[in-house]
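Notes for the one structure printed next.
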Number of protein chains: 2
Amino acid sequence: MNNVRFATSLHILTLLHLSGEELLSSDHIAGSVNINPAIIRKEISSLREHNLVGTREGKGGGTYLNKAAGEIRLSQVYEAVIQSPLLGRSNTPNPKCPVGRQINGVIEKLYTEAEKAMITSLDKITLEDFAKDFK
Amino acid sequence: MNNVRFATSLHILTLLHLSGEELLSSDHIAGSVNINPAIIRKEISSLREHNLVGTREGKGGGTYLNKAAGEIRLSQVYEAVIQSPLLGRSNTPNPKCPVGRQINGVIEKLYTEAEKAMITSLDKITLEDFAKDFK
DNA sequence: TTGTACTGTAATAAAAATAATTACAGAATG
DNA sequence: CATTCTGTAATTATTTTTATTACAGTACAA
């Protein structure tokens with residue numbers, strides 16, 4: 001996962017949490033994250049698909065947390081954002097070689113285990129916990 | 001880490017392990033992984049810096065495991081290969097925003113924890129264990 | 001009922017990361 | 001000293017990721 005999406009989503013969610021009831025516009029969020037509002041809206045789109053946030057369109061619209069911060073686990077944020085295997089891609093090895101033929105299966109099993117360990121650690125942390133580190 | 005390096009290194013090490021005492025050339029390995037020999041040599045270079053393998057130059061040369069497969073933990077392979085944060089990069093947020101100002105620190109702490117959980121799971125598996133899945 | 005301020009989304013372009021290729025000097029062998 | 005390897009750098013190509021632009025659609029509120 002060599003991108004910035006997880007960090008961006010955490011940033012968005014933190015802002016929403018700390019802003020209480022107030023809806024935040026993508027422009028406002030973009031100003032804090034320091035990236036383009038269209039990217040923020042796209043990211044929010046993923047978060048919304050995972051029911052972590054809701055949005056209201058039109059004038060005065062914006063985004064809000066769809067559940068209490070204590071109910072949002074960082075593992076859910078990870079799930080909303082992940083698109084490629086945590087530990088990287090695979091090769092397309094030579095099927096004529098016994099190792100080449102089997103390695104992707106073996107690697108996938110390994111990666112699944114390792115990712116699970118990571119997700120378990122994220123699962124213990126809620127957005128509320130995360131936000132407590134901001135003074 | 002959206003690249004293929006971990007998979008490549010695992011492949012290399014598995015071949016070396018299963019080939020016993022025999023030195024393997026980068027050409028031979030490249031044939032099984034199905035990538036360019038120069039990339040294999042570069043990858044081997046990292047593994048060698050981490051003392052996982054040794055190489056002999058010149059005619060008849062090649063690469064060999066530098067320790068017993070049971071002594072090589074997959075966490076070490078990960079360390080040899082990792083170059084960017086497991087969970088992705090950070091933004092360069094707006095320092096005028098309280099959240100923007102602090103978030104990279106908070107994220108780093110989180111990422112470190114999550115990565116540690118993942119590494120712990122890799123640490124339990126040796127190359128020997130890994131290779132047992134090949135029939 | 002119309003102007004304004006939002007979102008959603010797609011299309012495109014730009015930048016960055018990754019992988020592949022090529023080349024060649026140097027090492028060890030026989 | 002020809003051959004077969006490695007090490008490494010330079011270059012190019014490819015893929016991924018991010019940024020930009022544009023505009024239709026929604027909702028509010030005057």
Side-chain angles (χ1 to χ4, degrees), chain A residues 1-9 11-12 15-16 19 22-31 33-50 52-64 66 81-94, chain B residues 1-9 11-12 15-16 19 22-31 33-50 52-64 66 81-94:
Chain A
M1 181 158 77
N2 196 4
N3 61 37
V4 86
R5 291 188 57 208
F6 193 29
T8 302
S9 278
H11 196 142
I12 293 169
L15 288 174
L16 294 177
S19 73
E22 192 186 357
L23 300 201
L24 297 185
S25 73
S26 61
D27 257 18
H28 176 105
I29 297 173
V33 180
N34 192 28
I35 63 177
N36 195 287
I39 298 179
I40 296 289
R41 293 201 286 273
K42 205 164 151 198
E43 203 55 51
I44 283 175
S45 195
S46 300
L47 295 172
R48 190 175 46 239
E49 278 169 18
H50 286 74
L52 301 178
V53 304
T55 65
R56 215 167 65 206
E57 296 187 17
K59 187 172 181 181
T63 302
Y64 52 90
N66 205 28
V81 147
I82 182 70
Q83 54 190 359
S84 59
L86 183 64
L87 287 171
R89 306 200 288 277
S90 299
N91 290 292
T92 51
N94 184 349
Chain B
M1 180 158 77
N2 195 4
N3 62 36
V4 88
R5 292 188 56 209
F6 193 28
T8 302
S9 278
H11 197 142
I12 293 169
L15 289 173
L16 293 177
S19 74
E22 192 186 356
L23 299 202
L24 298 185
S25 73
S26 60
D27 258 18
H28 177 105
I29 297 172
V33 180
N34 193 28
I35 62 177
N36 195 287
I39 299 179
I40 297 290
R41 294 202 285 274
K42 205 164 151 196
E43 202 56 49
I44 283 174
S45 195
S46 301
L47 296 173
R48 189 174 46 240
E49 279 169 16
H50 287 74
L52 300 178
V53 304
T55 65
R56 217 167 64 204
E57 295 188 16
K59 188 173 181 182
T63 303
Y64 52 90
N66 204 30
V81 147
I82 181 70
Q83 54 191 357
S84 58
L86 181 66
L87 288 172
R89 305 199 289 278
S90 298
N91 290 291
T92 50
N94 184 349

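A, B, ... follow the sequence lines: proteins, then strands. Residue 1 opens every chain.
Between the CG atom of A:L23 and the C1' atom of C:dC6 there is a distance of 11 Å, rounded to whole Å. Taking atom CD1 on B:I40 and atom P on C:dT21, their separation rounds to 13 Å, with Å as the unit. As rounded to whole Å, 7 Å separates atom P of D:dT6 from atom CG of B:D27. The CD atom of A:E43 sits 15 Å away from the C1' atom of C:dT9 (whole-angstrom rounding). When rounded to the nearest whole Å, the span between CE of B:M1 and P of D:dT15 equals 21 Å.
An OP1 or OP2 oxygen of D:dG7 is reached within less than 4.0 angstrom by a side-chain nitrogen or oxygen of B:T55. Phosphate proximity of C:dT7 to A:R48: absent, as no side-chain N or O sits under 4.0 Å from OP1 or OP2. Residue B:S26 places at least one side-chain N or O under 4.0 Å from the OP1 or OP2 atom of D:dT6.
For B:R89, the side chain to side chain donor-acceptor pair (under 3.5 Å) criterion is met by A:N2, not counting sequence neighbours. Not counting sequence neighbours, the partners of B:L24 by the side chain to side chain contact (heavy atoms under 4.5 Å, CB included) test are B:L15, B:L16, B:S19, B:E22, B:H28, B:I29. Residues passing the salt bridge (charged side-chain N to carboxylate O under 4.0 Å, His left out) test with A:R5 are A:E43, sequence neighbours excluded. Evaluation of the side chain to side chain donor-acceptor pair (under 3.5 Å) rule for A:S26 yields A:R41 as partners, not counting sequence neighbours. Considering only residues two or more places apart in sequence or on other chains, A:T55 meets the side chain to side chain donor-acceptor pair (under 3.5 Å) condition with A:R48.
In this structure, A:S45 reaches the sugar-phosphate backbone alone: every heavy-atom distance under 4.0 Å involves primed, P, OP1 or OP2 atoms, never a base.
Between B:D27 and B:I40, every side-chain heavy-atom pair lies at or beyond the 4.5 Å cut-off.
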Legend entry - Sugar-phosphate or base contact per nucleotide [nucleotides 18-30 of chain D; S, B, -; heavy atom under 4.0 Å]: SBBBB---BBB--

